[in-house]
A.B. asks: 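Submitted below is the structure of interest, expressed as structure tokens.
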Amino acid sequence: MQSPASETELLARARGLGGRTFVEVARDLEVPLPPDPRRAKGFIGQLVERALGGACDSAPRPDFPELGVELKTLPIDGRGRVRESTFVCSTPLGDAAETEWASSRVRHKLSRVLFLTLEADPAVPHGRRRFGAAFLWSPDAAQEATLREDWTELMGLIGAGAVETIDASRGQVLQLRPKGANAAQRTVAYDADGAPFLAPPRGFYLRARFTRTLLAQAGLYAGS
DNA sequence: ACTTGATCATAG
DNA sequence: CTATGATCAAGT
């Protein structure tokens with residue numbers, strides 16, 4: 001699959017997946033669908049990247065580098081509501097931690113996003129679940145201001161050596177949560193005096209409450 | 001129903 | 001180990 005030449009083409013391809021089941025798309029790409037979804041959490045995301053002609057590696061760049069577009073799947077429950085938060089990127093805890101919102105990875109990741117909704121109703125067998133609507137999003141002025149506030153607060157605490165005081169309840173739309181293989185994983189962080197210590201790796205996530213508003217903004221809100 | 005903390009797979 | 005892709009599952 002060639003990479004899409006424009007946003008229009010990318011969006012058209014994504015919309016072409018709408019209504020199709022996971023098994024159908026996997027079969028077309030000649031990749032087997034893992035038998036146990038619990039052990040294949042990111043599989044559908046990877047499948048969609050391939051189906052749309054995006055980058056299939058794990059390089060720290062947008063999924064569609066020429067277009068500057070990031071692809072995110074959005075799991076939707078039986079009532080049309082977003083079920084899960086959306087992972088954005090890992091959180092820099094090291095001595096080279098970012099200090100400017102304008103050059104932050106969060107801002108770059110979220111500058112242009114293609115959301116593809118998918119069925120995530122436990123009542124539907126995994127293979128029979130279908131892709132849904134797709135829409136492109138960039139933060140408007142108010143959304144960007146809120147993201148910047150959250151990011152600045154969280155990174156400020158990290159810069160002050162207080163990463164361990166941060167829990168997932170902080171942040172209006174952006175939150176910090178563990179992001180690792182398990183709770184025992186550690187990465188290097190720095191305390192207020194600049195001394196290194198080991199801390200669980202963290203990641204930035206968009207709250208489901210927030211992506212739900214994006215769905216509504218796109219005219220796709222099906223909940224009550 | 002919803003959130004928070006924990007976890008799973010794969011590539012380089 | 002870090003990055004990518006996320007969802008699971010316990011607690012409230």
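Because only heavy atoms are used, hydrogens play no part in the values below, and waters and symmetry mates are left out as well, while side chains stay in. By convention in this document, chain letters (A, B, ...) are assigned in the order of the sequence lines, proteins followed by strands, and residues within each chain are numbered from 1. All figures in this text were calculated on a predicted structure; none of them were measured in a lab.
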A.B. asks: Between P on C/dC8 and CG on A/Asn182, what's the gap in Å once rounded to a whole number?
C.D. replies: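 Roughly 18 Å, once rounded to whole Å.
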A.B. asks: Would you mind telling me which of B/dG5, B/dA1, C/dT2 lies closest to the side-chain atoms of A/Thr187?
C.D. replies: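 Shortest atom-to-atom distance from the side chain points to C/dT2.
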A.B. asks: Describe the nucleic acid contact of A/Pro75 in one word from base, sugar-phosphate, nothing, applying a heavy-atom distance below 4.0 Å.
C.D. replies: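 Since only primed, P, OP1 and OP2 atoms lie under 4.0 Å of A/Pro75, the category is sugar-phosphate.
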A.B. asks: A/Leu71 or A/Arg105: which one's nearest nucleotide on DNA chain C is closer to the 5' end?
C.D. replies: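 It is A/Arg105 whose nearest nucleotide is closer to the 5' end.
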A.B. asks: Any donor-acceptor pair under 3.5 Å linking the side chain of A/Glu98 with the backbone of A/Arg105?
C.D. replies: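 The answer is yes, because a donor-acceptor pair under 3.5 Å joins these two groups.
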A.B. asks: Whole-Å distance between B/dA1 P and A/Arg83 CZ?
C.D. replies: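 Answer to the nearest Å: 10 Å.
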A.B. asks: Are OP1 or OP2 of B/dA11 and a side-chain N or O of A/Gln46 less than 4.0 angstrom apart?
C.D. replies: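 Indeed not, no polar side-chain atom of A/Gln46 lies that close.
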A.B. asks: Could you check how far NZ of A/Lys41 sits from C1' of B/dC8, rounded to whole Å?
C.D. replies: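 Going from A/Lys41 (NZ) to B/dC8 (C1'), I get 5 Å.
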A.B. asks: OP1 or OP2 of B/dA9 versus the side-chain N and O atoms of A/Arg38: is any pair under 4.0 Å?
C.D. replies: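 For B/dA9, neither OP1 nor OP2 has a side-chain N or O of A/Arg38 closer than 4.0 Å.
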A.B. asks: A/Thr21 vs A/Arg130, test: side chain to side chain donor-acceptor pair (under 3.5 Å). Steps then yes/no.
C.D. replies: CA-CA 4 Å; A/Thr21 65; A/Arg130 295 176 186 278; 5.4 Å; no
A.B. asks: Is the phosphate of C/dG5, meaning OP1 or OP2, less than 4.0 Å from a side-chain N or O of A/Lys109?
C.D. replies: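 A/Lys109 to C/dG5 OP1/OP2: side-chain N or O found under 4.0 Å.
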A.B. asks: Under 4.0 Å between a side-chain N or O of A/Ser90 and OP1 or OP2 of C/dA3?
C.D. replies: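 Answer is yes, contact under 4.0 Å.
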A.B. asks: Look at the side chain of A/Lys179 and the base of C/dG5, then say whether one donor and one acceptor between them are separated by less than 3.5 Å.
C.D. replies: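 In this structure, the two groups form a donor-acceptor pair.
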A.B. asks: Rounding to a whole Å, what distance do you find between A/Arg61:CZ and B/dA11:C1'?
C.D. replies: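 From A/Arg61 CZ to B/dA11 C1': 13 Å.
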A.B. asks: More 5' along DNA chain B: A/Ser58 or A/Ala168, using each one's nearest nucleotide?
C.D. replies: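 With A/Ser58 and A/Ala168 compared, the 5'-side residue is A/Ala168.
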A.B. asks: Between A/Lys72 (side chain) and A/Phe87 (backbone), is there a donor-acceptor pair under 3.5 Å?
C.D. replies: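 Between the backbone of A/Phe87 and the side chain of A/Lys72 there is a qualifying donor-acceptor contact (under 3.5 Å).
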A.B. asks: Rounded to the Å, how far apart are A/Leu206 CG and C/dA6 C1'?
C.D. replies: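 My rounded result for the distance is 13 Å.
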A.B. asks: Return no unless some side-chain N or O of A/Thr73 is found under 4.0 Å from OP1 or OP2 of C/dA6.
C.D. replies: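 The answer is yes; a side-chain N or O of A/Thr73 sits under 4.0 Å from OP1 or OP2.
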A.B. asks: Of the options C/dC8, C/dT4, B/dC2, whose atoms approach the side-chain atoms of A/Glu84 most closely?
C.D. replies: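 Closest nucleotide to the A/Glu84 side chain: C/dC8.
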A.B. asks: Grab the CZ-P distance between A/Arg186 and C/dT2 for me, whole Å please.
C.D. replies: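 Distance, rounded to whole Å: 12 Å.
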A.B. asks: At less than 4.0 Å, is any side-chain N or O atom of A/Lys72 found next to OP1 or OP2 of C/dT4? Yes or no.
C.D. replies: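 False: A/Lys72 side-chain N/O out of range (4.0 Å or more) of C/dT4 OP1/OP2.
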A.B. asks: Side chain of A/Glu49: nearest nucleotide among C/dG5, C/dA3, C/dT7?
C.D. replies: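 Selected nucleotide (nearest to the side chain): C/dG5.
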A.B. asks: Where the side chain of A/Ala208 is defined as all heavy atoms beyond and including C-beta, which of B/dT3, B/dG5, C/dT7 is the nearest nucleotide?
C.D. replies: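 Of the candidates, B/dT3 comes closest.
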A.B. asks: Reckon A/Gly45 touches a base, only the sugar-phosphate, or nothing at all at heavy-atom distances under 4.0 Å?
C.D. replies: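 Sugar-phosphate, no base atom in range.
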A.B. asks: Name the nucleic acid region contacted by A/Ala120, choosing base, sugar-phosphate or nothing; use a 4.0 angstrom heavy-atom cut-off, strictly under.
C.D. replies: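 Result for A/Ala120 = nothing.
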A.B. asks: According to a strict under-4.0 Å criterion, is A/Arg79 in side-chain N/O contact with OP1 or OP2 of B/dA1?
C.D. replies: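 The answer is yes; a side-chain N or O of A/Arg79 sits under 4.0 Å from OP1 or OP2.
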A.B. asks: Nearest whole angstrom, please: distance from the C1' of C/dG5 to the CG of A/Asp63.
C.D. replies: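 Spelled out: CG on A/Asp63 to C1' on C/dG5 is 9 Å.
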A.B. asks: Quick one: sort the A/His126 and A/Phe22 rings into parallel, tilted or perpendicular, breaks at 30° and 60°.
C.D. replies: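 Plane angle over 60°, so perpendicular.
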A.B. asks: With side chain to side chain donor-acceptor pair (under 3.5 Å) as the criterion, how do A/Gln172 and A/Glu153 come out once you've worked through the C-alpha distance, each side chain's angles and the decisive distance to 0.1 Å?
C.D. replies: CA-CA 11 Å; A/Gln172 307 163 76; A/Glu153 177 193 353; over 6 Å; no
A.B. asks: Could you work out which one of C/dT4, B/dT7, B/dA9 sits closest to the side chain of A/Arg39?
C.D. replies: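 The answer is B/dA9, which lies nearest to the side chain.
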A.B. asks: Quick check on DNA chain B: between A/Ala40 and A/Asp57, whose nearest nucleotide comes earlier from the 5' end?
C.D. replies: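 Result of the comparison: A/Ala40.
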A.B. asks: Taking A/Arg107's backbone N and O only, do any of them form a donor-acceptor pair with A/Arg148's side chain (distance below 3.5 Å, no angle check)?
C.D. replies: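 Checking the backbone N and O of A/Arg107 against the side chain of A/Arg148, no donor-acceptor pair under 3.5 Å is found.
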A.B. asks: Look only at the side chain of A/Asp77 and the backbone of A/Arg83, and say whether a donor-acceptor pair between them is shorter than 3.5 Å.
C.D. replies: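 Side chain of A/Asp77 to backbone of A/Arg83, a donor-acceptor pair under 3.5 Å: no, none is there.
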A.B. asks: Nearest to the side chain of A/Ala183 - B/dA6, C/dA6, B/dT3?
C.D. replies: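 Looking only at heavy atoms from C-beta outward on A/Ala183, the closest nucleotide is B/dA6.
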A.B. asks: Rounding to an integer number of Å, can you tell me how far A/His126 NE2 sits from B/dA9 P?
C.D. replies: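 From A/His126 NE2 to B/dA9 P: 14 Å.
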